Amino acid sequence: MATFARSAPLPKNGALVEDPQFQEIVERSRSLTQKILLSIPDTHKSCIHTETLQLNSSENGKLETMASTIGIPSASVLRVVSENSTLEDSLTGMYEGLQLHQALLSAVSSRLGNKDKVIELMADIRDLAIQINKMLKMAQAEPVVQPSPTPVALRLPANYEVQVATHLTLVQLQAFGQDMIRCLRPLDRSNEEETES
């Protein structure tokens, strides 16, 4: 018996989402996001040497005050495309969040002893931001120049703050990447029809 699963219809930009070129970019974006999510644990392990800083720890919430002291801004909350959130809004949030994480990693990378994995991660984030920007340009009725990312000035007086800033950036990037997957899923038509018996 065949079953069909269909994503909720997308308001306003339905025809654009169906466009094969747009679909190719969506698939590439989902793949890059998965690659980023899979590389975060290895990146964390390669550059975080403080034992109390664990990637998936329930203690991470206790570091909010430290994040504020260091100057780590929060990423914007991503919204799935719906009647209350446009495709453009969703893509803009993704693009801005990627730019933020790129800037945060750039700010800490020069202070890290082992930065190879961070540099690789930054390259993947840059590539993903390019893909999201392509979709954003397709979705905009009138072209809008995307603002260049604002450099992030972190207060990193000692190595411990560098470790905490890197740790918190990776924790935040992991959550942001999971939100991106959630927002990209309804845009991907390649998995729209599944046949199961």
Side-chain angles (χ1 to χ4, degrees), residues 7-44 55 72-109 117-152 154 166 168-192:
S7 302
L10 292 170
K12 193 176 167 186
N13 292 99
L16 172 65
V17 172
E18 301 296 335
D19 180 270
Q21 183 182 2
F22 189 89
Q23 281 302 301
E24 184 178 318
I25 299 170
V26 169
E27 289 175 34
R28 205 172 309 132
S29 297
R30 283 187 72 183
S31 176
L32 277 166
T33 305
Q34 287 290 356
K35 181 180 180 189
I36 289 168
L37 286 171
L38 290 172
S39 69
I40 289 173
D42 285 342
T43 303
H44 192 275
L55 190 59
I72 299 173
S74 298
S76 58
V77 175
L78 296 180
R79 301 195 191 296
V80 175
V81 177
S82 68
E83 292 174 6
N84 301 323
S85 179
T86 67
L87 176 61
E88 189 175 335
D89 291 341
S90 184
L91 293 170
T92 298
M94 289 183 217
Y95 183 77
E96 290 171 354
L98 291 167
Q99 293 293 320
L100 170 65
H101 289 96
Q102 180 84 7
L104 288 169
L105 289 171
S106 181
V108 296
S109 66
K117 296 274 187 192
V118 172
I119 290 170
E120 290 173 20
L121 183 59
M122 287 170 57
D124 288 337
I125 293 170
R126 182 201 63 227
D127 292 347
L128 180 55
I130 289 168
Q131 298 306 312
I132 297 298
N133 196 34
K134 285 180 186 177
M135 285 190 286
L136 187 53
K137 285 179 180 177
M138 292 172 79
Q140 292 169 333
E142 297 176 22
V144 177
V145 176
Q146 294 302 321
S148 21
T150 308
V152 178
L154 300 177
T166 306
L168 290 173
T169 298
L170 292 172
V171 168
Q172 182 172 287
L173 177 60
Q174 186 176 46
F176 185 78
Q178 290 164 347
D179 283 348
M180 280 192 65
I181 290 291
R182 184 177 51 82
C183 291
L184 288 169
R185 189 174 297 126
L187 301 178
D188 188 352
R189 298 300 189 229
S190 66
N191 294 325
E192 192 167 270

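What you see is a predicted model; the values in this text were computed from it and never measured.
- Taking CE of M122 as the start and CG of L98 as the end, the distance is 12.5 Å to the nearest 0.5 Å.
- The main-chain N or O of P73 is found under 3.5 Å from a side-chain atom of Q172 such that the two form a donor-acceptor pair.
- Although no hydrogens or angles enter the test, the distance criterion places no donor-acceptor pair under 3.5 Å between the side chain of S90 and the main chain of L87.
- What you find for V118 and S109 is that their closest heavy atoms are CG1-CB, 4.0 Å.
- Listed for the Q23 side chain is a donor-acceptor partner under 3.5 Å among the backbone atoms of L187.
- When all heavy atoms are compared, the tightest approach of S76 to F176 is O-CE1, 4.0 Å.
- Between the CG atom of L173 and the NE2 atom of H44 there is a distance of 11.5 Å, given to the nearest 0.5 Å.
- For the atom pair CE (M94) and CG (D89), the distance works out to 11.0 Å, reported to the nearest 0.5 Å.
- Here the CZ-CG distance, from R79 to D179, works out to 10.5 Å after rounding to the nearest 0.5 Å.
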* Verdict with supporting geometry, Q21 and M138, side-chain contact (heavy atoms from CB on, under 4.5 Å) -> CA-CA 10 Å; Q21 183 182 2; M138 292 172 79; 4.2 Å; yes
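- Residues M135 and S29 share a closest heavy-atom pair of CE-OG, 3.5 Å.
- The backbone N or O of I125 lies less than 3.5 Å from no partner atom in the side chain of Q102, so there is not a single donor-acceptor pair.
- How far CG of L91 is from NZ of K137: 13.0 Å, rounded to the nearest 0.5 Å.
- When L121, V152, T43 are each tested for a side chain to side chain contact (heavy atoms under 4.5 Å, CB included) with L105, only one passes: L121.
- Here the shortest heavy-atom pairing between N133 and Y95 reads CB-CE1, 3.6 Å.
- Paired with V108 under the rule side chain to side chain contact (heavy atoms under 4.5 Å, CB included), one option of L168, I72, L154, L170 passes, and it is L154.
- Rounding to the nearest 0.5 Å gives a distance of 5.0 Å between CG of L184 and CD1 of I132.
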* To do: May I have the step-by-step check of side-chain contact (heavy atoms from CB on, under 4.5 Å) for I36 and H101, ending in yes or no?
  => CA-CA 12 Å; I36 289 168; H101 289 96; over 6 Å; no
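- When every heavy atom of I181 is checked against every heavy atom of R30, the shortest pair comes out as CD1-O, 3.9 Å.
- Within 6.0 Å of atom CZ in R28, more than 12 heavy atoms from other residues, nucleotides or ligands are found, so the atom counts as buried in its surroundings.
- Between A139 and E88, the shortest heavy-atom contact is O-OE1, 4.3 Å.
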* Mind running side-chain contact (heavy atoms from CB on, under 4.5 Å) on L55 and V171 for me, showing each step along the way? => CA-CA 6 Å; L55 190 59; V171 168; 3.9 Å; yes
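- Pairs engaging residues 118-130 under the side chain to side chain donor-acceptor pair (under 3.5 Å) rule: K35-D124 [sequence neighbours left out].
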